[in-house]
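Since the structure comes first, as structure tokens, the remarks are kept for the end.
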Amino acid sequence: MTGKERVSIRFVINGRPVSMEVDAGETALHAIRGRLGFKGTKEGCGMGECGACTIVVDGRAVNACLLLAAQLDGRDVLTVEGLDSPLGLHPLQEALVEHHAVQCGFCTPGFLMSAYALLKENPSPSREEVLRALSGNLCRCTGYEQLLRAVEAASQKMNPRR
Ligand code: FES
Ligand code: FES
């Protein structure tokens, strides 16, 4: 084999269609953060252990460092940059601020994306379900209680009649 194999992909990111050529071995993290400039998707361990790079692909939270960019072809991708709207912050973002669940902020986008995917699939999760959904996201600053409370508060705000 000579040189690097290149692959053409098309996908939607934060509601916008994108076409690009990627190396066959390039990670989704490199394509999204490094080349498309969505810097909210953080690079931590690069090994699937910290969750800082979490994005939502077709509704599921995944580690962008473990996904090949080529696997984004045809997918619908959401990063933290696509979470708020012209009306303001997403309720999860508001809840993290209100519950003092953000300190250095490095882990925050990953937590938000994992929590977003959880609440999409399960609008009223139990504490155990929240814990399980966030178990792949590490935070070195806050302790996890504030993060858990924030996700529960956002869930209640988004589904007030539960
Ligand atoms: S950078 Fe992807 S899980 Fe740590
Ligand atoms: S707020 Fe600093 S790592 Fe979580």
Side-chain angles (χ1 to χ4, degrees), residues 4 7 9 11-14 18 20 22-84 88-122 125 127-158:
K4 283 185 177 171
V7 184
I9 60 171
F11 59 102
V12 172
I13 185 160
N14 300 333
V18 171
M20 62 192 300
V22 297
D23 289 337
E26 183 175 347
T27 65
L29 175 59
H30 185 263
I32 287 172
R33 177 183 167 80
R35 294 179 55 202
L36 295 178
F38 292 102
K39 303 284 187 193
T41 306
K42 303 296 185 195
E43 178 159 19
C45 65
M47 299 167 57
E49 288 177 2
C50 72
C53 66
T54 305
I55 56 174
V56 174
V57 178
D58 289 346
R60 300 185 62 128
V62 298
N63 291 328
C65 69
L66 296 184
L67 191 70
L68 290 174
Q71 292 174 292
L72 296 174
D73 191 38
R75 306 297 189 94
D76 188 45
V77 178
L78 187 71
T79 72
V80 73
E81 288 88 349
L83 212 50
D84 59 353
L89 293 177
H90 188 278
L92 274 166
Q93 293 171 308
E94 285 177 347
L96 256 66
V97 173
E98 282 163 11
H99 287 78
H100 308 288
V102 181
Q103 286 189 26
C104 81
F106 187 80
C107 69
T108 306
F111 269 102
L112 283 167
M113 301 322 288
S114 291
Y116 175 88
L118 168 69
L119 296 186
K120 272 277 176 208
E121 190 190 338
N122 179 2
R127 172 150 291 211
E128 288 68 32
E129 288 168 330
V130 177
L131 264 173
R132 206 175 313 129
L134 301 184
S135 63
N137 294 86
L138 304 183
C139 176
R140 300 179 65 160
C141 302
T142 62
Y144 293 92
E145 186 59 30
Q146 297 96 312
L147 286 158
L148 294 171
R149 278 202 226 124
V151 175
E152 288 168 346
S155 162
Q156 274 169 5
K157 194 169 181 181
M158 293 162 72

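Order of listing sets the numbers, starting from 1, for every ligand and every atom in it. Everything quoted here is computed from the prediction, not taken from an experiment.
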Any idea which atoms of ligand 1 are less than 4.0 Å away from a heavy-atom of [X]?
X	answer
E49	3 (S)
G46	1 (S), 4 (Fe)
C53	1 (S), 2 (Fe), 3 (S)
C45	1 (S), 3 (S), 4 (Fe)
C65	1 (S), 2 (Fe), 3 (S)
G48	3 (S)

Would you say [X] has more than 12 foreign heavy atoms packed within less than 6.0 Å of its [atom1]?
X	atom1	answer
R127	CZ	yes
E121	CD	no
K120	NZ	no

Practice problem: Below 2.8 Å of atom 4 (Fe) of ligand 2, tally up the protein N/O/S atoms for me. | Solution: 2

Quiz item: Hey, looking at atom 4 (Fe) of ligand 1, which of G136, C50, G44 has the closest heavy atom?
Solution: C50

Quiz item: Got a second to check how far T41's OG1 is from L78's CG, nearest 0.5 Å?
Solution: 9.5 Å

Quiz item: Taking NZ, NE, NH1 and NH2 as the nitrogens, is one of them in R33 or E81 under 4.0 Å from a carboxylate oxygen of the other?
Solution: no

Quiz item: Quick one: do R149 and E145 make a salt bridge, cutoff under 4.0 Å?
Solution: yes

Quiz item: Looking only at heavy atoms, what is the nearest atom pair of M20 and F11, with distance?
Solution: SD-CE2, 4.0 Å

Self-check item: Distance-minimising heavy-atom pair for A28 and L72
Solution: CB-CD1, 3.9 Å

Quiz item: For the side chain to side chain contact (heavy atoms under 4.5 Å, CB included) test, which of V56, D58, V57 pairs with D76?
Solution: D58

